[in-house]
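The next block holds one structure in the form of structure tokens; read it before the comments.
Hydrogens, waters and symmetry mates play no part in the numbers below; they use all other heavy atoms, side chains included. In this text, all values refer to a predicted model and were calculated from it rather than measured experimentally. Here is how names work: the chains are called A, B, and so on, in the same order as the sequence lines, proteins then strands, and each is numbered from 1.
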Number of protein chains: 2
Amino acid sequence: MELPKVGSIGEYIRDQRKQAKISLRQLATQAGVSNPYLSQIERGLRKPSAEILNQIAKGLRISSQALYVQAGLIEDREPDSDVLAAIRTDRTITERQRQVLIDIYESFRKENRAEAQAEAERTTENARPEPEPQGVDAVPATEAAASPNGRIPPEPKEG
Amino acid sequence: MELPKVGSIGEYIRDQRKQAKISLRQLATQAGVSNPYLSQIERGLRKPSAEILNQIAKGLRISSQALYVQAGLIEDREPDSDVLAAIRTDRTITERQRQVLIDIYESFRKENRAEAQAEAERTTENARPEPEPQGVDAVPATEAAASPNGRIPPEPKEG
DNA sequence: TCGCTGTGCTTGCAAATGCAAACACCATGG
DNA sequence: CCATGGTGTTTGCATTTGCAAGCACAGCGA
């Protein structure tokens, strides 16, 4: 489960493609890869190289980094993902939009904490109720580095 | 695109290795790749895959992204704001949640651009519909936060 | 003079990528 | 009915990755 699931990247690509409402062949054309190969990639039968990954990202109009992260190729350095700080200093959104983003983000984290705790209580049993169908937690090590120094301010309220 | 970028990545690796004052074999061992292959990579005779690149980055204790940029695989440095970068590298949220945040944020920006469109007019648009061209005017933050169990909120997109 | 250890480089070869062609299936319509 | 066009999938093969084994050269001690 700590291995970089090749299937997950394929699922991610297929999901993104469905979300963009384009066909496999269309994405293949836009990405400049063959459609059979894209099919195999989406089903996890092939492990695309970085170049192919990059072209697919361009065809999907998404960030290459997102795909690399999905492929487990970039989750190494720079865990400075201070989302809240970035949101607070962003000047391209309104104050209300900013608050919405912050609310959502904190809700996510709160939910994840609750989920993690609920799962931890079930650790004794191997039964995995599968809280996330995607399960792209490609964090082989140094997971604790995600939030060691309380970069993200703790929620004032608890419940 | 067989640009000599492969050579540059090799030079970059060799430069970093020299800077770290370690031998080719040593780096190969630390990176978990064979020394002949590393030699060929450094001289631009082979185009390493993303995995190998990632391992070399780890062996060199440098950022994987730096190598990807050198390899021309992340040139996708678009006007991506710091918010998107932070969201993408955040490890405390699930992939679905990440996508939700990105979608909402991009919708915000799109909406803001639409309001300020009476100013700048450029002909730089792609001839394909974006995944979410709708404007999330009133994002149900509480709703989206209420059920982030891995579900992207219902798209108000017509279709 | 050997022998040993270190550096990087060259040589075949198994295994994988990535593609062109063809396949199966499902609609629509002449 | 068969033809046309759409979806995704399977097959065979050229090309490439990536490695094990070996090569060439240099420095040091006996």
Using atom types as modelled and distance alone, determine if a side-chain donor or acceptor of [X] lies under 3.5 Å from a backbone N or O of [Y].
{"X": "A:Arg109", "Y": "A:Tyr105", "value": "no"}
{"X": "B:Arg98", "Y": "B:Ile87", "value": "yes"}
{"X": "B:Ser107", "Y": "B:Asp103", "value": "yes"}

Rounded to whole angstroms, how far apart are [atom1] on [X] and [atom2] on [N]?
{"X": "A:Leu38", "N": "D:dT7", "atom1": "CG", "atom2": "C1'", "value": "13 Å"}
{"X": "B:Ile52", "N": "D:dT16", "atom1": "CD1", "atom2": "C1'", "value": "13 Å"}
{"X": "A:Leu27", "N": "D:dG6", "atom1": "CG", "atom2": "P", "value": "17 Å"}

Nucleotides bounding contact with chain B, strand DNA chain C, heavy-atom threshold 4.0 Å: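 Using the under 4.0 Å cut-off, the span is C:dT7 to C:dT11.
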
Qualifying residues under side-chain contact (heavy atoms from CB on, under 4.5 Å), relative to B:Thr29, sequence neighbours excluded: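 For B:Thr29 there are no side-chain contact (heavy atoms from CB on, under 4.5 Å) partners, ignoring immediate neighbours.
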
Any residue meeting side-chain hydrogen bond (donor to acceptor under 3.5 Å, both in side chains) with B:Ser49, in chain and number order, not counting sequence neighbours: none

Of A:Val33, A:Ile13, A:Leu53, which meets side chain to side chain contact (heavy atoms under 4.5 Å, CB included) against A:Ile41?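 Result for side chain to side chain contact (heavy atoms under 4.5 Å, CB included) with A:Ile41: A:Ile13.
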
With 3.5 Å as the limit, what N/O pairs link the protein to nucleotides 9-13 of chain D?
unit_1, atom_1, unit_2, atom_2, d
D:dT9, OP2, A:Arg14, NH2, 3.0
D:dT9, OP2, A:Ser39, OG, 2.7
D:dT10, OP2, A:Arg43, NH1, 2.3
D:dT10, OP2, A:Arg43, NH2, 3.4

Using heavy-atom distances to pick each residue's nearest nucleotide on DNA chain D, tell me which of B:Val33 and A:Arg17 is more 5'.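 Comparing both residues, the 5'-ward one is A:Arg17.
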
